Amino acid sequence: MQHAIDWHQVLLRLLDRRPTKSPFCFKQIHALFLTTGLALHSYPFSRLLSLSSLPHLFSSLDGNHSCYSYSLLLCSPRPPSAFLINTLTSSLASSGHHHLALSLYSLLSINPTIRNYPNPHTYPSLLKACSTSSHLLPLGLALHARLIKLLFIPLDPFVVTSLLILHSRRDRIDACRSLFDQIPCPDLPAWNAVLSCYARRSDDSFFAAAEVLFLFQELQLSPSPAIPNEISLVALVGACGELATLSLGTWAHAYIQRRKSLVVNRFVGASLIDMYSKCGCLNLAFQVFDNLLHTEKDTFCYNAMMRGLATHGHGHGVLSLFEGMRREGIQPDDVTLLLVMSGCSHSGLLEEGRRCFERMAGEFGILPKLEHYGCLVDILGRAGRLEEAHEVLRKMPVKPNAVLFRSLLAACRVYRSLHFGETSIVKLMQLKPLYAGNYVLLSNIYADVGRWDDAVRVRKAMKERDIDKSPGLSLVEIDGTFHEFSTGHHTHPQAKEIYAMLDRISRRFHECGPIPLK
DNA sequence: ATAGGGTTAG
């Protein structure tokens, strides 16, 4: 007996250290588990299982991995308990083996001899696996149906939260909300899930952003001990950016700074940079960027800052930040290169933009996507290289979309030459025959080059097809006051109500006075 | 006793 207890401790220690080295060590320890009988003990065995899917131990490319991971459980000396199955499921799911986790479930959930399986602990990791890859979403719905059938009701907060995430990936915001509303006393992860769900722009970003502000206030007023953390703040700051409300954005920033427990990590940093850029305060965005901890400045943060610079037309700023990024050894991604190119495009940096495109595949190992080709067409077109732009459109390996044709045509208009644009007109009208912008662009082009008959013809066609162009406004006046909220939202069917709500919320945010130091 | 949910643009 003394002997067995020694093994117990020795092996658990081993498990803490050795298996991180190689699959061979891990298998040796598994063998020892079997020979010493330790595999009969639930706790040590669960430690073995939860380590069994570590990516650096067994890569997903290793064809034997699934067999091995399964054999640990299914060939163990005893039939597996619900606890052990759940351990392996979460281990598989959290290391990206989504299909394996799900097939383990489908293999065992129909087996009536396993007591208490499946149970509520089974579902969160499975639902999470379904939420992360779009082709598994239908399976997630099937799991939801199964949960209802099994009547684990009321569903516990873990299950509800993971269901909420699942439905948010399907843009079913109403489903998310009704799930959230059924949690009697939501904890922080539940609050964060619903906040992020609204913050992740769906089809109705204006309303959703207003809802984030509303929910954040509910969270602050809620009797539950949920204290907002970085994740909550990412949602809040994102919503302020979406609405371009600087006053609320700075309120959120002040909240972060005064709460000692909150740190500006890369998530919060990127959201602040984005928010300040969208509010037109590039200097404040830069301040946040500069104050970010060295270790937190990743590709995403650089991209956020570069996006701010690019949209404000600072092409040279984008380029120098890109150089800084390379100096720091931060790997650019496809978005980075797109931002560099779009910065060049808006600042007329023809050569720099073209060079960036040419270096993409070779130097950075990133294949140009449709957007990169679009940017290249834009760069060439703005520089008056209509023939070259046309060549890119003709020869590109990806099928060009309407945006690319419009981009070339816009350049044709600026340079008053339709020579390389005629084929684009045909393509564009085939692709988007109902888009008002196309007709306006076309008739303007014809007018600019003096082809008045064609201009009239286009306008007539637009009228005949009953295509209407909604006017663009930038300042919104409601009941005699101008609102600072971002453009475009006033066309929202509930604009008036939402603005009124935002006003109320905004006032309440500021009425709470100085944010308590905690 | 040991198993489960929350954060990155256009």
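For clarity, every value in this text was computed on a predicted model and none was experimentally measured. We name chains A, B, ... by the order of the sequence lines, and we start the count at 1 in each one.
With sequence neighbours excluded, the residues forming a ring-ring contact (aromatic ring centres under 6.0 Å, His included) with A:F364 are A:F322, listed by chain and number. Contacts of A:H121 classified as ring-ring contact (aromatic ring centres under 6.0 Å, His included), with partners at least two apart in sequence or in another chain: none. Residues passing the side chain to side chain donor-acceptor pair (under 3.5 Å) test with A:N111 are A:T113, sequence neighbours excluded. Residues satisfying the ring-ring contact (aromatic ring centres under 6.0 Å, His included) criterion with A:Y198, sequence neighbours excluded, are absent altogether. With sequence neighbours left out, the salt bridge (charged side-chain N to carboxylate O under 4.0 Å, His left out) criterion links A:E218 to no other residue. With sequence neighbours excluded, the residues forming a salt bridge (charged side-chain N to carboxylate O under 4.0 Å, His left out) with A:E211 are A:R177, listed by chain and number. In this view, A:F158 satisfies the ring-ring contact (aromatic ring centres under 6.0 Å, His included) rule with no residue, not counting sequence neighbours. Contacts of A:D334 classified as side chain to side chain donor-acceptor pair (under 3.5 Å), with partners at least two apart in sequence or in another chain: A:K369.
Judged as a ring-ring contact (aromatic ring centres under 6.0 Å, His included), the pairs with a partner in residues 126-145 of chain A (not counting sequence neighbours) are, in order, A:H99-A:H135, A:H144-A:H167.
What separates CG of A:N86 from P of B:dG5 is a distance of 11 Å, to the nearest Å. One atom, CZ of A:F33, and another, C1' of B:dT2, lie 13 Å apart when rounded to the nearest Å. Between A:I85 atom CD1 and B:dG4 atom P the separation is 15 Å, expressed in whole Å. In this structure, CD1 of A:I273 is placed 15 Å from C1' of B:dT7, rounded to the nearest angstrom. Residue A:E296 contributes atom CD, which lies 17 Å from atom P of B:dT7 at whole-angstrom precision. Atom CG in A:L104 sits roughly 15 Å away from atom P in B:dG4 (whole-Å rounding). Rounded to a whole Å, the NZ atom of A:K128 is 4 Å from the P atom of B:dG6. The separation between A:L219 atom CG and B:dG6 atom P is 17 Å, rounded to whole Å.
Non-hydrogen atoms lying under 4.0 Å from DNA chain B are contributed by A:D156, A:P157, A:F158, A:V159, A:T161, A:I165, A:R169, all within residues 156-174 of chain A. For the segment residues 177-188 of chain A, residues with any heavy atom less than 4.0 angstrom from an atom of DNA chain B are, sorted by number, A:D187, A:L188. The stretch residues 111-126 of chain A touches DNA chain B through A:N119, A:P120, A:H121, A:P124, each having a heavy atom under 4.0 angstrom from the strand.
Here B:dG6 is the nucleotide among B:dG6, B:dA3, B:dT7 with the atom lying nearest to any side-chain atom of A:P189.
In this structure a side-chain-to-backbone donor-acceptor pair under 3.5 Å is missing from A:D378 to A:G374.
Using a 4.0 Å heavy-atom distance criterion, A:L195 is classed as making no nucleic acid contact. In this structure, A:S90 reaches the sugar-phosphate backbone alone: every heavy-atom distance under 4.0 Å involves primed, P, OP1 or OP2 atoms, never a base. Counting any heavy atom pair closer than 4.0 Å across all strands shown, A:A190 reaches a base atom.
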